[in-house]
Structures are given as C-alpha cells and as structure tokens.
There are 2 protein chains.
Amino acid sequence: MKHIAESTVRRLSLYLRFLEDYRRQGLETISSGDLASLGGTTSAQVRKDLSFFGSFGTRGLGYSVSALSKRIREILGLEREWRVIIVGAGKIGAALAQYEGFGYRGFKIVGVYDVDQARIGQSLDGVIVKDQQELDGDLKSLKADIVLIAVPPEAAQPLVDRVTKAGIRGVLNFAPAPLHAPAGVTLRSVDMALELEILSYALAAKA
Amino acid sequence: MKHIAESTVRRLSLYLRFLEDYRRQGLETISSGDLASLGGTTSAQVRKDLSFFGSFGTRGLGYSVSALSKRIREILGLEREWRVIIVGAGKIGAALAQYEGFGYRGFKIVGVYDVDQARIGQSLDGVIVKDQQELDGDLKSLKADIVLIAVPPEAAQPLVDRVTKAGIRGVLNFAPAPLHAPAGVTLRSVDMALELEILSYALAAKA
DNA sequence: CTCTGTGAACATCTTCACAGCT
DNA sequence: AGCTGTGAAGATGTTCACAGAG
C-alpha cells in the first residue's frame with residue numbers, strides 16, 4: 001500500500017464519527033458532500049481520502065452508512081481490541097485512565113503504573129495503580145499493545161527506551177518533551193503547552 | 001506578514017525549549033544543526049523557519065542563545081501574559097487546571113467553571129471552581145483572552161458560540177467534537193481519542 | 001573554513017473538473 | 001440528473017545547493 005498522509009487518517013477518523021451519528025439517526029446513505037460539510041472540508045477531499053483505500057460508494061447515490069463505517073473501522077484497525085497501559089498516575093495519567101472516549105472504541109486500559117508510593121494502590125476507574133517496577137513483566141504478561149506516557153518530561157525518554165525494548169510498538173506521549181523511538185515503533189505526542197503556544201502565536205499575529 | 005505554516009510555528013515553539021535548555025547549560029551560541037538534531041529535523045528547515053521572521057544568526061558562528069530565545073518569544077506572543085479560563089472541571093478540566101506546563105510560560109489560569117453543583121466550590125490548585133452561570137460576566141471582568149473547553153462533546157459548540165459572543169478570540173478545545181468558530185476567532189482542538197486512532201492505524205497498517 | 005540565508009528544485013497535499021456509473 | 005472516482009493542475013511545505021558574511 002502506498003503511503004497515506006496523516007491528515008488523511010485524521011479525517012477518516014472524523015468521518016467515522018459522523019457516520020456513527022448518521023447511523024444513530026437511522027440514515028442509511030451519506031454523500032461526500034454531507035461528510036465534507038460536517039468535517040469542514042470539501043467533497044473532493046472526502047472522495048480522494050476514501051479513494052486511497054478503494055471504491056465504496058455508489059454513483060448517483062452516495063455511500064452506505066453501515067458499509068462505510070465498517071470499512072473505515074477496518075482501515076483504522078479498530079475492529080480489534082488494543083490493550084493500553086498508562087505510565088504515570090499524576091493528574092494527566094489519572095484523567096486518561098478515566099477518559100470515557102477511549103473505551104468505547106476498543107482501547108482497553110489494562111494497567112496504570114507509577115513510582116510514587118502514595119499513588120500505588122489507588123483505584124482509577126476500576127484499575128489499581130501498580131508499582132512501576134512491575135511494568136516490564138506486565139507489558140508481556142498483560143499483552144499490552146500501546147503505552148501512554150504521562151510522566152514528567154525528564155523521565156519520558158528512558159521510559160520509551162524501556163517499553164520499546166520490551167516489544168511495545170505504539171506509544172502516545174503526553175509529556176512535553178520531544179522523544180525518539182527506534183524504527184518500527186510509532187510514537188506520537190500530544191503536547192498541550194505547545195498547542196497553547198500555537199494559539200498564542202495566532203492571537204499575537206492578528207493583534 | 002506573509003502567512004506562516006502551522007508546522008513552522010510548532011517547530012519554533014520546540015526550538016524555544018531547546019534554547020532554554022542550552023541557556024540552562026550556560027551555552028551562548030547554537031547552530032541550526034544543533035537545533036535540528038534536537039528537534040528531529042534538518043538544519044535547512046531550521047534556517048528556513050527562522051528566515052520568515054528575519055535574520056538572527058551570525059554566519060560562521062550560529063545564533064546567540066539569549067537573543068534568539070527573546071526573538072522567538074516575541075514572535076510567539078509569549079512576552080505577554082495570557083489570561084486563561086477553563087470551562088469544565090471534570091477529569092480533564094481538573095488536570096488542565098493543575099498542569100504546571102502552562103504557568104511557566106505566561107499562561108495564567110484566572111478561572112474554572114462547571115455546571116455541576118458537586119464540583120462548584122472545589123479548589124483546584126488554588127483556583128475555586130465557580131458556577132458556569134457566572135461565566136459570561138467573568139469573561140469580561142477577568143479580562144480573559146483564551147478559553148479551554150473541557151466539557152462533554154455535546155456541550156462544546158454552544159459554549160464556543162457563547163464565549164465568542166462575549167469577545168473571546170482564542171479557544172483550545174479538548175472535547176472530542178469538531179467545532180466551528182466565526183472568522184477572527186482561532187480555535188484549535190486536542191482530541192486524544194483521535195490520536196489513539198491514528199496510532200491504531202499506524203500499528204494495523206504495518207502488521 | 002564554518003555556518004547562515006535564500007532562490008530554485010522537489011515532494012507532498014489539496015482542489016478542480018470531468019468522465020463514468022446508477 | 002446526481003454523485004462517485006480520479007487524473008491533472010494548483011498550492012503548500014520541504015530539501016537542496018550555493019552565494020556570501022564573518
């Protein structure tokens with residue numbers, strides 16, 4: 001398969017949400033124009049995005065809501081369950097552990113770890129915070145696929161090294177630090193301070 | 001000023017962090033190559049990014065750490081204080097209110113609001129959660145610049161409409177909903193579920 | 001000789017416009 | 001007639017490669 005742009009994948013993920021809204025409303029077909037106006041893009045963009053993966057629509061009619069949902073879920077790898085471990089049970093880690101947005105789409109939190117004795121043993125939405133010393137063993141025994149990093153920035157890179165050594169191939173980082181992972185590992189970062197600074201730029205630039 | 005790509009602004013923000021690391025280490029100059037290797041980019045990219053805003057370097061030597069820091073802070077609008085209001089004191093809102101990453105760079109949280117009586121009155125890192133009914137008045141009296149949205153998805157768009165009507169021009173949304181804002185308002189979204197889905201795609205695609 | 005600053009070449013992503021099904 | 005699917009054109013972002021300052 002040809003390489004797909006991240007922007008395309010992001011939009012696919014959005015389309016899936018709109019499709020689920022449509023299904024909830026009992027609608028059976030949707031056009032590229034409908035998807036476009038919901039997502040703030042153009043109908044050509046929607047058709048182009050989908051065309052990378054095949055031809056799912058019917059000319060003159062549009063797309064079947066259920067068939068397209070299914071197909072996008074397959075493309076995104078959401079038809080399977082992903083087992084997620086969170087490292088760091090501070091404010092962000094705790095918020096992530098209890099975030100409803102994850103569970104409903106096949107992301108299952110199977111463990112939360114911290115180094116702070118005060119946090120170990122706490123229950124976060126049914127998952128008990130465990131001692132980080134148990135992490136290496138648990139990554140394997142719990143069959144974790146993805147690690148969410150919610151530790152202080154200086155602890156983040158060593159943690160990436162550690163979990164990738166244990167075989168983890170997907171990491172989502174929330175620490176404000178630029179991290180590096182070996183080839184074959186997908187590492188993404190969500191940096192809230194950075195987002196605020198980009199907003200600051202936009203506000204300052206138009207003032 | 002010509003339009004600057006978001007990717008450029010994002011990198012500038014990263015460069016600023018590296019510059020601060022360098023300053024902490026007492027180093028006085030830095031080359032585009034140094035900045036590039038820290039940020040996982042190329043020296044040409046660094047120079048191009050900076051060139052949009054002027055010529056700050058010395059050929060044969062590099063950039064003055066302190067002068068470049070100062071200049072990037074000006075560009076990003078970080079030499080001033082931004083007054084931030086958080087709406088929604090659930091898990092995410094509370095984590096944001098207590099996130100240290102914001103304060104140190106001129107983002108001051110001046111208020112947190114919720115509709116839930118059980119949360120109103122709670123103290124989050126020194127800020128008392130107030131009743132959301134007071135939001136409209138406080139946006140003006142507290143001179144808020146930026147609103148962070150941490151409410152359930154269905155409440156997000158009405159909230160955007162409300163705060164933009166009150167004069168807010170910068171919104172950072174954490175609810176998993178695609179929002180629209182009037183022209184002149186900068187709205188950015190951080191969507192954690194979306195990030196996990198993009199990760200899922202990457203893992204599924206290489207499997 | 002080193003490292004910046006930048007036009008030009010290149011690569012990537014988006015939009016256009018229309019042929020082709022239904 | 002309506003809407004998809006897709007090459008081609010256009011716009012945007014990145015890398016190259018070198019002139020020029022120190």
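Every value quoted in this text rests on a predicted model; they were computed, and no experiment measured them. Letters A, B, ... mirror the listed sequences (proteins, then strands); counts begin at 1.
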**Report entry** Donor-acceptor contact present, side-chain A:Gln45 to main-chain A:Thr41, <3.5 Å
**Finding:** no
Taken to the nearest whole Å, CZ/A:Arg10 to C1'/C:dT12 is 17 Å
Output, in order, the C-alpha distance, side-chain angles, deciding distance and verdict of salt bridge (charged side-chain N to carboxylate O under 4.0 Å, His left out) for A:Arg105 and A:Glu81. CA-CA 8 Å; A:Arg105 232 202 244 323; A:Glu81 176 185 90; over 6 Å; no
Sorted by number, residues from residues 42-72 of chain B placing a heavy atom under 4.0 Å from DNA chain C are B:Arg47, B:Lys48, B:Ser51, B:Ser55, B:Phe56, B:Gly57, B:Thr58, B:Arg59, B:Gly60, B:Leu61, B:Gly62, B:Tyr63
Check whether A:Ser200 reaches the backbone of A:Leu196 with its side chain - one donor and one acceptor, N or O, closer than 3.5 Å. no
* Measure centre to centre between the rings of B:Phe18 and B:Tyr15, then say whether the value is under 6.0 Å. => no
(request) Ignoring hydrogens and angles, state whether a donor on the side chain of B:Asp125 or B:Tyr99 is under 3.5 Å from an acceptor on the partner side chain. (result) no
### Query
Mind checking whether B:Glu79 and B:Lys70 have side chains closer than 4.5 Å, heavy atoms only?
no
Does the side chain of B:Gln25 come under 3.5 Å of the side chain of B:Asp21 through a donor N or O and an acceptor N or O?
no
**OP:** For the residue pair B:Arg17 and B:Ser13, confirm or rule out a side-chain donor-acceptor distance under 3.5 Å.
**Re:** no
Contact check, residues 15-36 of chain B vs DNA chain D, heavy-atom distance under 4.0 Å, returns none
